[in-house]
Each structure stands twice: as structure tokens, then as C-alpha cells.
There are 2 protein chains.
Amino acid sequence: MIIPIPGQPVRGSKSGQPIMALLDLLGRSWAMGIVWHLYSGPNTFRGLQDYCESISPTTLNTRLKELRDCNLIERTLEGYTLTAYGKELYELLEPMGSWARHRWTQSFKENNNKS
Amino acid sequence: MIIPIPGQPVRGSKSGQPIMALLDLLGRSWAMGIVWHLYSGPNTFRGLQDYCESISPTTLNTRLKELRDCNLIERTLEGYTLTAYGKELYELLEPMGSWARHRWTQSFKENNNKS
DNA sequence: TAGCTTTGCTATAAAATATGTAGCGTAATG
DNA sequence: CATTACGCTACATATTTTATAGCAAAGCTA
């Protein structure tokens, strides 16, 4: 699996615009979920496996490697942890949580009238 | 493919927490790229195909259906367009663009010293 | 120190998802 | 009519993810 690094061609962008590389990275299964979860504190491999109910160890390991290579997480004595960059990214992701709960959920209620 | 709707079980969350449903939806290939791109204006199926250099029509069509079912895009006379909800979501995504350019890119430069 | 448990992870096969290519039906244009 | 562009479907192939088993290393515990 190609590691999406800004400035290098990635899935969906030959120019390797940073945002495209980031969307590629975060678009892989479980990537955002891992970042989201680690914000609540460091966790072990098995702990993450439990959190991501249906992730396979193969995929978890692949994702962890990618996120490490992309400077978002690192390993410490306490387990996998968000780096400073990872925390910054989480903080950008966070507003999506309340938006999803309050606004997005609402949108499904408006559509009873649809076909 | 299961459409991730808040409140219903989705990939990675039996409880269907809205944020998990959203991460599932946006985590699918090209989903974020489509939202990102449509913010610059309505576009046609073929226009989106060109933008997403390597997407197949099959996947594009699947993704468009999902995004429509999830109230983020709709079809108008001008082509596919972000809904008001889609625009709100884009605005949450937008800060990631400059973060990727300025901060994330920087993180790769710091790591020359690594193994 | 021998056994048991936990942890991080690999191997492998099967299932799910995405790509690549061809091309159909419709509508507009000439 | 013929040509073109559009939205999309079909289908075979390739890639990615899951599911399951299990191994090697480290930490108890007796």
C-alpha cells in the first residue's frame, strides 16, 4: 500500500496536493476512527482491536504503520499515542462530531416526505 | 453497500453513533474528494470523472447515490450540487486543507533525522 | 523454572470493494 | 439522419479488507 505523502502522487492526485494526500490517508478504512479514539488516551494494539469492533489485525497493523509513517501517531511505553500533529488533526475533526449529532441527524428527519 | 445512517449500526459501530456513521461514509473511496470538489460549483457526472482522475464510473455512481441518500448532495439542472448540509460539512473539512499544506507538510521535513 | 496469560503481530484464504474497459439508451446539435 | 456528449450499466480483473488461526516474546505465578 502506497503511503500518501504530500507532494508525491497519491490515489486521486498526480500532483500530490497535500489535501489530496490527507484525504487518501484518512479515507482508508478505520483511519479516522483510530485517530478519533486515540484522542481519549494512549491505547494498546488489542485495545484498539476491541474498540474497532470489526477490524482485522492485518488491517489495524497496516493502518497503524501508515499513520506512524505520516507522523500522526507514535508508539510510547503506554501504547499507541497521537503525536502533536495527530492531536491537531483531531481538533479539526472534532467539530464533525457535534455537527453529525446535531445537524446531520436532523437532515434525516426532514426527509420523511421524500420518495 | 450499506448506507451509513446515524442511529443505525454501521461498519465499526453497533450503536450507530452519528460520528461513526459519518466517518464510515466519508471513509469510502473518493467520498471526501467529491464533497471537496463540488464546493467549487455544481458539476456533471463526466466532469467529476475527470476530476477524480482514476475513479471508475461504477464507484462514482455508487458514491453519488450514497451521498444523495445521506443528504449531502443532490441533482439539479446544473448537475450534482452540494446541499446546504453538504456545504456545512465542507466548511468543517476546509480547515484540513490549510492544515495539510502548512502544518502536516512541515512534519515531513522535521523527520530527516529518523531511521 | 515450568506453566499460563497477555500482547503485538504474521500468514493465509475468502469476501468485499474498486478499477478498467466497453458500450447502451437518451437527448441535444448539425 | 449522423454525430456527439451525457449518465450510467455490465462484467472481468485487481486491490483491499475481513476472518481465523496461531506464533514469538514478555510478564506473572506457583
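Side chains included, hydrogens not; waters and symmetry mates left out as well; all remaining heavy atoms used. So you know, we letter chains A, B, ... as the sequences are listed, proteins then strands, and number each from 1. Just so it is clear, the structure is predicted and the values come from calculations on it, not from any experiment.
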Practice prompt. Mark yes or no for whether T83(A), through its side chain, and N71(A), through its backbone, hold a donor-acceptor pair below 3.5 Å.
Written response: yes

Item to complete: Mark yes or no for whether T59(B), through its side chain, and I55(B), through its backbone, hold a donor-acceptor pair below 3.5 Å.
Response: no

Discussion item. At 4.0 Å (heavy atoms only), tell me whether S29(B) reaches a base, stays on the sugar-phosphate, or touches nothing.
Written reply: sugar-phosphate

Worksheet item: At under 4.0 Å between heavy atoms, what does T44(A) touch on the DNA or RNA strands: base, sugar-phosphate, or nothing?
Response: sugar-phosphate

What integer distance in Å separates [X]:[atom1] from [N]:[atom2]?
X: L60(B); N: dC8(D); atom1: CG; atom2: P; value: 9 Å
X: R63(A); N: dT15(D); atom1: CZ; atom2: C1'; value: 12 Å
X: I2(A); N: dA18(C); atom1: CD1; atom2: P; value: 17 Å
X: I73(B); N: dG7(D); atom1: CD1; atom2: P; value: 12 Å
X: E78(B); N: dG7(D); atom1: CD; atom2: P; value: 13 Å
X: I55(A); N: dT20(D); atom1: CD1; atom2: C1'; value: 15 Å
X: D50(A); N: dG8(C); atom1: CG; atom2: P; value: 11 Å
X: R28(B); N: dT19(C); atom1: CZ; atom2: C1'; value: 18 Å

Worksheet item: Under a 4.5 Å cut-off applied to non-hydrogen side-chain atoms, are Q17(A) and P6(A) in contact?
Response: no

Worksheet item: In degrees, rounded to 10°, what is the bend between the two ends of the helix from dT1(C)-dA30(D) to dG30(C)-dC1(D), using five pairs at each?
Response: 20°

Worksheet item: Regarding E94(B) and Y39(B), is there a side-chain donor-to-acceptor distance under 3.5 Å anywhere?
Response: no

Worksheet item: Would you say the side chains of Y85(A) and E74(A) form a donor-acceptor pair under 3.5 Å?
Response: no

Worksheet entry | Distance below 4.0 Å between S56(B) side-chain N/O and dA18(C) OP1 or OP2 | no

Discussion item. If I compare all heavy atoms of W104(B) with all of L22(A), which pair ends up nearest, and what's the gap?
Written reply: CZ3-N, 3.6 Å

Worksheet item: Where do G27(A) and M32(B) come nearest, in terms of heavy atoms and distance?
Response: N-CE, 4.3 Å

Worksheet item: Can a salt bridge be assigned to the pair K65(B) and D69(B) using a cut-off of 4.0 Å between side-chain N and carboxylate O?
Response: no

Discussion item. Assess whether a salt bridge exists between D50(A) and R46(A), defined as any Lys/Arg side-chain N lying under 4.0 Å from an Asp/Glu carboxylate O.
Written reply: no

Pairwise N/O distances under 3.5 Å, protein to nucleotides 9-11 of chain C:
residue	atom	partner	partner atom	Å
dC9(C)	OP1	R75(A)	NH1	2.8
dC9(C)	OP2	Y80(A)	OH	2.4
dT10(C)	OP2	N61(A)	ND2	2.3
dA11(C)	N6	T58(A)	OG1	3.2

